[in-house]
Amino acid sequence: MTEGNRFATALRSHQCGALRAEQAGTVVRLGGWVHRSRNLGGLVFIDLRDRAGMVQVSFNPDWSSAAAIADAAAVGVESVVLVEGVVELRPAEMRNAHLDTGDVEVRATSIRVVGPAVTPAIPVARGKNDALPAEDLRLRHRYLDLRRPELQANLILRHRLLQVTRQFLSERGYLELETPILTKPTPEGARDYLVPSRVHPGEFYALPQSPQIYKQLFMCCGFDRYFQIARCFRDEDLRQDRQPEFTQIDIEASFIERDDIMALSESMIAAIWLEAGHVVATPFERMSYADAMERYGCDRPDLRYGLEIHDFTAAFAPLEFGVTSTAIAAGGRVRGIRVSGGAAWSRKQVDELEALAKKAGAGGLLRVKKVDGKLDGPVAKFLTPDAETALALADGDLALFVAAGDRVSNPALDRVRQECARRLGIVDENARRFLWVTDFPMFDQDPATGALSAVHHPFTAANPDDMAAFPDAPEKWRALAYDCVLNGLELGGGSIRTSDPRVQSRMFALLGIGDEAEQERRFGFLLEGLRAGAPPHGGIAFGVDRIAMLLSRGASLRDVIAFPKTTAARALFENAPSSVPPEDLRELHLRSTAEGE
RNA sequence: GGGGGCGUAGCUCAGCUUGGUUAGAGCACUUGACUGUCACUCAAGAGGCCGCGGGUUCGAGCCCCGUCGCUCCCGCCA
């Protein structure tokens, strides 16, 4: 069976968009949507669209009945029609190079309007320079927006990526196992979406933030290798790249170590990217978290450009300069970047960079530039010849510094570095710099209270060397965790898990859940599984939505999700959430405290 | 939770700075003309709670206050 008529059914023989010169002379029956029509008076053209593309259908007294021409002239755009006709090669001067089907047209003998359409609320067919309708209208009329070839291409690509993923993992012995959607609330982490229980008054399920514990239990059960295209839910405020429900490629495996998961992930990413037409080189680069923070101020650095951060503390330490000496005396450092060509920027342009640094928390942004072999700028006069040598500025360079503790300077310099790269136009949009960031700290310590929280999640295993070397200083432990980063974006992350229930119990205690009864109440079902005999295991999860977005070339997250929510977590198409009748609430043992009810 | 931007015809936008005749344009829509178009062309027409509520004013699309919606950012997102 050929690609062309794989879609043949009782009502149609071919897809509109699949017709080519090879089908010339063939009688075809098509079904599709009227994308546009042109009525020249006695001669009518309809661009007929389906998911495969578009083809021109022509109505002409030479081959069409008068009734067919009249029906074709009258049909409105976006109506669904069935057309019968003959595929004919177009004369050379009438070919349309902009259309995949442009070498042919379908000379219609009949047309039947099976799904007449009201005038669409938002246009589906657009001119080259027409702006898209407002986002809320596109979401409200999603049934129309999703007809656009661009969005159809995005969702079709997404389908192919998921199919490749399934095939890839299945071929390697990974089992696609499902986990519950109605699950147990987890008090830490993101807010849960709660579902009230009708049968158990006052009790609630939660929608899963991820299938984390279930997949670890699969390992305890001996399922060895698991994956799932898993829907996850987090009730937090949204962003451009964040939806309340999202999809992960969730993976877990037993009897493995970090390198096993990383190698598997690299091959899988390469297979996914290949499906989208890109060859990805493996293995990926690797960098420790400490290195990433030191050189880029960020745990997911964009390696498409340099502008690395350097430590200039030694150059500034001896100087009689209040800003830096105060910071250094307080235990801080002077770190910054050299921007080749930045000396040409105006005072105002550098002030804008400083504003970014301040917004990121820095007190200010120090600046020195070298013009005609001489240093210039407010800091220049404090610099000794030794300090000048240490800065190592070339002519035309601008150096930007933050004098502070790393906690302050890292986010500020990260922001400044990104903006400098953007301004200099040195970001290669075609480059793909995959990177593993490894050896994350195990815990984040609240500077005020000293309280520890998990950087990855509470089930991550700590590096055993660190636990042995600093048994009483868990804030120094590194985690056996890893993030997969592409061009400054986190694609996914995972870790080796704690498989010893006593160690897991201690981790909970370090995180402030010391009470055993409390541990059992919250995580008993995991601890029981671990106690029953747990293999060493670990895994990773990748964000499907973001991957689909990247591979659809710059579309927004909402453009790779069929029915996304707005930034207020509202579904405009189906109008959710919505209020429910009081008797429904009563049955669920709920009473609303919202005003106006 | 906080801050910025936007909201005018079915759609995309002007008009707002400096309040003052009947609120405009392009596309879409309706009607008519047109036999090779492919964003067809041409002619005519219809289409407005200027997001909503309040205030200032002789007079508000325009100024002020509030509110709702969308969006971007901060907080938040183990």
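Each chain gets a letter, A, B and so on, in the order the sequences are listed, and its residues count up from 1.
Comparing the P positions of C62(B) and G53(B) gives a spacing of 12 Å, expressed to the nearest Å. For the C1' atoms, the distance from C72(B) to U57(B) is 36 Å, rounded to whole Å. Distance noted for atom P between G4(B) and A46(B): 43 Å (whole Å). Taking atom C1' in both C73(B) and U30(B), one finds a spacing of 45 Å when rounded to whole Å. Comparing G19(B) with A25(B), their P atoms are spaced 25 Å from each other, to the whole Å. Between the C1' atoms of C13(B) and C6(B), the separation comes to 13 Å (whole Å). For U67(B) and C27(B), the P atoms lie 41 Å apart once the distance is rounded to whole Å. U21(B) and G59(B) have their P atoms separated by 15 Å, with the value rounded to a whole Å.
Every residue was checked against the salt bridge (Lys or Arg N to Asp or Glu O under 4.0 Å) condition with Asp299(A), not counting sequence neighbours, and none meets it. Taking the side chain to side chain contact (heavy atoms under 4.5 Å, CB included) definition, one finds that Arg191(A) meets it with Asp235(A), Glu236(A), sequence neighbours left out. Taking the side chain to side chain contact (heavy atoms under 4.5 Å, CB included) definition, one finds that Cys232(A) meets it with Ser210(A), Pro211(A), Phe246(A), Gln248(A), sequence neighbours left out. For Lys476(A), the side chain to side chain contact (heavy atoms under 4.5 Å, CB included) criterion is met by Phe470(A), Ala473(A), not counting sequence neighbours. Every residue two or more places apart in sequence or in another chain that forms a ring pair (Phe, Tyr, Trp, His ring centres under 6.0 Å) with Tyr289(A) is listed here: Phe440(A). For Ala72(A), the side chain to side chain contact (heavy atoms under 4.5 Å, CB included) partners at least two apart in sequence or on another chain are Val44(A), Ile46(A), Phe59(A), Ile111(A).
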Taking only nitrogen or oxygen atoms into account, show me every contact under 3.5 Å that the protein makes with nucleotides 5-10 of chain B, one pair per line with its distance.
residue, atom, partner, partner atom, Å
G10(B), O2', Ala121(A), O, 2.4

Identify each atom pair where a protein N or O and an N or O of nucleotides 13-15 of chain B are less than 3.5 Å apart, giving names and distance.
none

Give every pair of a protein N or O atom and an N or O atom of nucleotides 75-78 of chain B that lie under 3.5 Å apart, one pair per line with the distance.
residue, atom, partner, partner atom, Å
G75(B), N7, Arg239(A), NH2, 2.9
G75(B), O6, Arg239(A), NH1, 3.1
G75(B), N1, Asp237(A), OD2, 2.7
G75(B), N2, Asp237(A), OD2, 3.2
C76(B), O2', Glu236(A), OE1, 2.6
C76(B), O2, Arg242(A), NH1, 3.4
C76(B), N3, Arg242(A), NH1, 3.2
C76(B), N3, Arg242(A), NH2, 3.3
C76(B), N4, Arg239(A), NH2, 3.3
C76(B), N4, Arg242(A), NH2, 3.2
C77(B), O2, Arg242(A), NE, 2.9
C77(B), O2, Arg242(A), NH2, 3.1
C77(B), N3, Arg242(A), NH2, 3.2
A78(B), OP2, Arg234(A), NH1, 3.0
A78(B), O3', Ala454(A), O, 2.7
A78(B), O2', Ala454(A), O, 3.1
A78(B), O2', His456(A), O, 2.1

For nucleotides 23-26 of chain B, tabulate all protein N/O to nucleotide N/O atom pairs closer than 3.5 Å, reporting atom names and distance.
none

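Of the nucleotides present, C68(B) is the one that pairs with G7(B) by Watson-Crick or G-U wobble criteria, both distances under 3.5 Å. In this entry A43(B) has U31(B) as its Watson-Crick or G-U wobble partner, both defining distances falling under 3.5 Å.
With rounding to whole Å, Asn575(A) atom CG is found 11 Å from G69(B) atom P. Atom P of nucleotide C38(B) and atom CG of Leu40(A) are separated by 8 Å, given to the nearest angstrom. Here the P atom of nucleotide C70(B) and the CD atom of Gln243(A) are 12 Å apart, to the nearest Å. Regarding Arg90(A), its CZ atom lies at a distance of 20 Å from the P atom of U35(B), rounded to whole Å. Atom CG of Leu48(A) is separated from atom C1' of U37(B) by 16 Å (rounded to the nearest Å). In this structure, Arg147(A) atom CZ and A28(B) atom P are separated by 18 Å, rounded to whole Å. Asn39(A) has its CG atom 14 Å from the C1' atom of U30(B), to the nearest Å. Atom NZ of Lys358(A) is separated from atom C1' of C74(B) by 18 Å (rounded to the nearest Å).
Across A39(B), C29(B), C72(B), the shortest atom-to-atom separation from the side chain of Asp130(A) is found for A39(B). Comparing atom distances between the Leu43(A) side chain and each of C29(B), C38(B), G36(B) picks out G36(B) as nearest. Among G36(B), C72(B), C73(B), the nucleotide with an atom closest to any side-chain atom of Lys359(A) is C73(B).
Within residues 49-61 of chain A, the residues that place at least one heavy atom under 4.0 Å from RNA chain B are, in residue-number order, Gln56(A), Asn60(A), Pro61(A).
The environment of CZ in Arg20(A) is crowded: more than 12 heavy-atom neighbours from other residues, nucleotides or ligands sit within 6.0 Å. Crowding of Tyr205(A) atom OH: a count of heavy atoms from other residues, nucleotides or ligands under 6.0 Å not exceeding 12.
Of the charged side-chain nitrogens involved, none lies within less than 4.0 Å of a carboxylate oxygen, so that Arg239(A) and Asp241(A) do not count as a salt-bridged pair. Using a 4.0 Å cut-off between charged nitrogen and carboxylate oxygen, Asp237(A) and Lys565(A) do not count as a salt-bridge pair.
Identified under the salt bridge (Lys or Arg N to Asp or Glu O under 4.0 Å) test for residues 95-107 of chain A, with sequence neighbours left out: Glu105(A)-Arg107(A).
When the side-chain nitrogen and oxygen atoms of Thr567(A) are compared with OP1 and OP2 of U71(B), one or more of them lie within a distance under 4.0 Å. Between Arg38(A) and C40(B), a side-chain N or O to OP1/OP2 separation shorter than 4.0 Å is present.
The nearest heavy atom of RNA chain B to Arg36(A) and to Gly76(A) marks one nucleotide each, and the one closer to the 5' end goes with Gly76(A).
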